[in-house]
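One structure, as structure tokens, below. Some questions next.
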Amino acid sequence: MSLSPDVLIIGGGIVGAASAYHLARRGADVLLLEADQLASGATGRNLGYIWVHTRRKGPELDLVMATRTGLENLPDELGVDFGLRCKGGVTYVTSEAQAEVLREFVVRRTADGVPMQLLDGDEARALVPILPETVIAASYCPLDAQVDPRRFVRAFALAAQRHGARIHEGTAARAIETDGRRVTRVQSDLGPLTPGQVVLAAGAWSPAIGRQLGLELPIHPMRLQVVQTEPMAPRLEHLLYGPAAIKQYAIFQGLDSFSPEPFETDIERRLGLALLESACQAADGSYLLGIAMDYPGFDWKPDLAGIALVTEGMLGALPALRGARFARAWAGVLPFTSDALPLIGRPEAHDDVIVAAGHVFGNGAGPTTGRLVADLICGGEPVLDPTPFRPDRPGLEHDFERSTW
Ligand SMILES: Cc1cc2nc3c(=O)[nH]c(=O)nc-3n(C[C@H](O)[C@H](O)[C@H](O)COP(=O)(O)OP(=O)(O)OC[C@H]3O[C@@H](n4cnc5c(N)ncnc54)[C@H](O)[C@@H]3O)c2cc1C
């Protein structure tokens, strides 16, 4: 086995797996190392939303739309079912002050070319029967889609292997040795490697690995906690967001009608975490409820306050879930940047390193990031302009502790 692959990819989340697929199908000899299991990081812990309607016009929306455009054909292209459901997303509100913001949002999004509908309470309940009488309006975006994120990663990885990529789980990259602008060796659990290029796709771990290359990557950790029920009826086909989620988003914060107060809740104040009010039903019938958000650092464990916030907050929002049985809870670390765009590209100081990390909305952005990584390495017309994603772009903040997306 060659220990000198054309490309060594560090990290087997959605970004690493999609990069492996696009590089391998273009003929590169690819070796991907995943320290744990594929999708054991943020990707495998996420809700599976491919959320189009909250992405700002410009590079953010372009990145997700490039994925969304080919999404319905992707199971055939990869040859693997990854639980894709394209039923759309619904953001509901329960007060007139919130509804005013939602109305402006729908008008602005429509002007951006994102297909959106404004629904009144009855229309919202007709579409999503578990919504309670307290819901007075909702937005609906038919482009929002859902995947099973673990199967999503495996699908890219299997397709990459069919194109010749080698993927090793339980195999970490340990140390990167450099000589000026070149990587001379990567010490790994497979032994010493001498790759032609290195793709750093290690999500929230990337800053620690980047330091070995002399890079200070401005990627910060945020803890997100999720609660899962046991499988149950009724069937929820759409992806849901509630009012408490709205205040997290830059696109809402930028509206003339927005102020945070109508979206803040007592329970968030009491428990000291923010609620990304969200619910969807996974393919097995279980509900995924979320999300408690805070900033304890690189912390992958859920806590009682987070579980209490999600269970109490979501039972208040969706009383139809009363009686749902608790199955499990988990936390994940979301890597974020100060402008909510990932870092994709070659750092100035290195000729043979590509950074592909810092993704806030990795399900939508990850597959196109993989394409862009392959374009940057193999050449040709890139899928989209890489300039806005450069790891050393101006304005990125290194001491940035709180995220909006
Ligand atoms: C709870 C939660 C909910 C979320 N919900 C959504 C959502 O609904 N929709 C959405 O789009 N995004 C969501 N996100 C964000 C999304 O999960 C991330 O944007 C995405 O997973 C980032 O993918 P990644 O491949 O960069 O990182 P990861 O999935 O974290 O993968 C990085 C991998 O690198 C590996 N690694 C680390 N160090 C090494 C090493 N030295 N050698 C080898 N391997 C190494 C890790 O084991 C890990 O598997 C959510 C995040 C969380 C935490």
Side-chain angles (χ1 to χ4, degrees), residues 47 49-65 68 86-128 130-146 238-269 274-280 290-291 293 313-314 316-318 336 338-341 360-361 364-365 388 402-405:
L47 294 187
Y49 286 33
I50 295 189
W51 221 216
V52 176
H53 82 270
T54 53
R55 302 301 9 141
R56 284 173 289 187
K57 193 174 165 70
E60 248 182 60
L61 188 59
D62 295 346
L63 195 53
V64 174
M65 281 308 295
R68 184 63 186 84
C86 298
K87 294 287 184 180
V90 170
T91 296
Y92 59 86
V93 295
T94 55
S95 75
E96 181 45 38
Q98 296 165 356
E100 191 189 338
V101 175
L102 200 65
R103 283 194 288 272
E104 185 188 348
F105 177 68
V106 170
V107 170
R108 296 272 196 106
R109 288 276 68 182
T110 306
D112 290 341
V114 178
M116 298 286 298
Q117 255 176 278
L118 187 69
L119 310 175
D120 65 24
D122 289 339
E123 289 167 333
R125 276 179 290 281
L127 190 67
V128 184
I130 69 161
L131 289 178
E133 286 297 321
T134 46
V135 167
I136 62 166
S139 67
Y140 169 62
C141 176
L143 286 186
D144 295 325
Q146 183 178 5
H238 300 83
L239 302 165
L240 293 186
Y241 257 8
I246 285 176
K247 62 185 181 305
Q248 176 62 21
Y249 280 85
I251 192 160
F252 282 102
Q253 293 173 4
L255 298 173
D256 294 337
S257 57
F258 180 84
S259 66
E261 294 77 19
F263 302 97
E264 290 168 350
T265 62
D266 283 342
I267 184 176
E268 290 170 297
R269 274 187 285 272
L275 179 64
L276 191 78
E277 186 174 337
S278 40
C280 66
I291 287 177
M293 306 188 293
M314 292 315 297
L318 302 173
F336 67 90
S338 60
D339 61 9
L341 284 180
V360 166
F361 44 101
R402 303 222 153 231
S403 157
T404 52
W405 310 325

Do any pairs count as a side chain to side chain donor-acceptor pair (under 3.5 Å) and have a residue in residues 245-255, sequence neighbours left out, and if so which ones? Tyr241-Tyr249, Lys247-Glu268

Here the pair of heavy atoms bringing Ser278 nearest to Leu276 is OG-O, 2.7 Å

Under 6.0 Å between ring centres, would you say that holds for Phe258 and Phe105? no

Taking the side chain as every heavy atom from C-beta outward, state whether Ser259 and Glu264 have any pair of such atoms under 4.5 Å apart. no

For Arg56, give me all partners under salt bridge (charged side-chain N to carboxylate O under 4.0 Å, His left out), at least two apart in sequence or on another chain. Glu60

Test applied, side chain to side chain contact (heavy atoms under 4.5 Å, CB included); reference residue, Tyr92; option that passes from Leu131, Thr134, Val128: Leu131

Could you go through the side-chain contact (heavy atoms from CB on, under 4.5 Å) check for Trp405 and Ile251 one step at a time? CA-CA 8 Å; Trp405 310 325; Ile251 192 160; over 6 Å; no

d(Leu118 CG, Ser139 OG) to nearest 0.5 Å is 7.5 Å

Heavy-atom pair of closest approach, residues Leu63 and Ala365: CD2-CB, 3.6 Å

Full working for side-chain contact (heavy atoms from CB on, under 4.5 Å) between His53 and Met116: CA-CA 8 Å; His53 82 270; Met116 298 286 298; 3.6 Å; yes

Tell me, do Glu123 and Tyr140 make a side-chain contact under 4.5 Å, heavy atoms counted? no

Could you report the tightest heavy-atom contact between Ala317 and Glu277, atom names first, then the distance? CB-OE2, 3.2 Å

Does Glu133 have any salt bridge (charged side-chain N to carboxylate O under 4.0 Å, His left out) partners at least two apart in sequence or in another chain, and if so, which? Arg125

Once rounded to the nearest 0.5 Å, what's the spacing between atom CD1 of Ile50 and atom CZ of Phe361? 12.0 Å

Are any non-hydrogen side-chain atoms of Val101 and Val93 less than 4.5 angstrom apart? no

Return the minimal non-hydrogen interatomic distance between Arg108 and Leu255, and the atom names on each side. CG-CD2, 3.9 Å

Rounded to the nearest 0.5 Å, what's the gap from CZ on Arg109 to CZ on Arg55? Could you check? 9.0 Å

What's the spacing between Trp51 CH2 and Leu143 CG if we round to 0.5 Å? 11.5 Å

Taking the side chain as C-beta and beyond, is there a heavy-atom pair between Gln98 and Ile246 under 4.5 Å? no

Do the side chains of Gln146 and Lys87 get nearer than 4.5 Å, heavy atoms only? no

Inter-residue atom distance Thr54.OG1 - Leu61.CG, 0.5 Å rounding: 9.5 Å

Drop me the distance from Leu119's CG to Ile136's CD1, to the nearest 0.5 angstrom. 12.5 Å

Please lay out, stage by stage, how Glu100 and Ser257 fare under the test side-chain hydrogen bond (donor to acceptor under 3.5 Å, both in side chains). CA-CA 7 Å; Glu100 191 189 338; Ser257 57; 5.1 Å; no

What one should report as the nearest heavy-atom pair of Leu341 and Pro388 is CD1-O, 3.7 Å

Which atoms form the tightest heavy-atom contact between Cys141 and Val114, and what is the distance? SG-CG1, 4.0 Å

